[in-house]
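These values consider heavy atoms only, across backbone and side chains, with no hydrogens, waters or symmetry-generated copies. Quantities reported herein were computed from a predicted structural model and do not represent experimental measurements.
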Amino acid sequence: LKAAMTTTILCSAGNGLNMVGRLILEGKSLREALDDVGPKMPQVIKNDVSIWPLYDVLCFSVIPPEIRAVTTGSMSCLWNTYLSFTAHD
């Protein structure tokens, strides 16, 4: 249930808002940002569902608790870099 909620809420809304927000901060109107991001969302969702569940499994089964915060922060940084490139593609 937690994985389904995370995927549904964060994957769709969170990533979409992230990319729209980046474009608005660069001076695009809300309409322009939504028009740019809309067609990109299916691929972003596909990539999110491919990457984050696998990382979660690895995080809680292989990565020691002492370094989970660092590895999760690193993964988040890489993911946000991907979102930034995708928003500007």
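Under the side-chain contact (heavy atoms from CB on, under 4.5 Å) criterion, P64 pairs with E66, I67, not counting sequence neighbours. Every residue meeting the side-chain contact (heavy atoms from CB on, under 4.5 Å) condition with D36, not counting sequence neighbours, appears here in chain and number order: L23, K28. With sequence neighbours excluded, the residues that form a side-chain contact (heavy atoms from CB on, under 4.5 Å) with S29 are R31, E32.
We find the CG-OH distance between D48 and Y82 to be 8.5 Å, quoted to the nearest 0.5 Å. In this structure, CZ on F85 lies 14.0 Å from CE on M19, to the nearest 0.5 angstrom. Interatomic distance, T86 OG1 to N47 CG, rounded to the nearest 0.5 Å: 7.5 Å.
Counting all heavy atoms, side chain and backbone alike, P39 lies closest to P42 at O-CD, 3.4 Å. Smallest separation of non-hydrogen atoms from I51 and M75: CG2-CE, 3.8 Å. A33 and I24 make their closest contact through CB-CG1, 4.1 Å (heavy atoms, listed as atom of the first residue, atom of the second, distance). Across all non-hydrogen atoms, the minimal contact from T72 to C59 is OG1-SG, 4.0 Å. Taking both residues in full, the closest heavy atoms of W79 and N15 are given as NE1-OD1, 3.1 Å, listed atom of the first, atom of the second, then distance.
Between Y55 and W52, the two ring planes are perpendicular [angle over 60°; tilted spans 30° to 60°].
Hydrophobic clustering of Ile, Leu, Val, Met, Phe, Trp and Tyr side chains at less than 4.5 Å, counting indirect connections, unites V49 with V37. No chain of hydrophobic side-chain contacts below 4.5 Å, direct or via other Ile, Leu, Val, Met, Phe, Trp or Tyr residues, connects L83 to L54.
The closest donor-acceptor contact from the side chain of T71 to the backbone of R68 lies under 3.5 Å. Listed for the S84 side chain is no donor-acceptor partner under 3.5 Å among the backbone atoms of N80.
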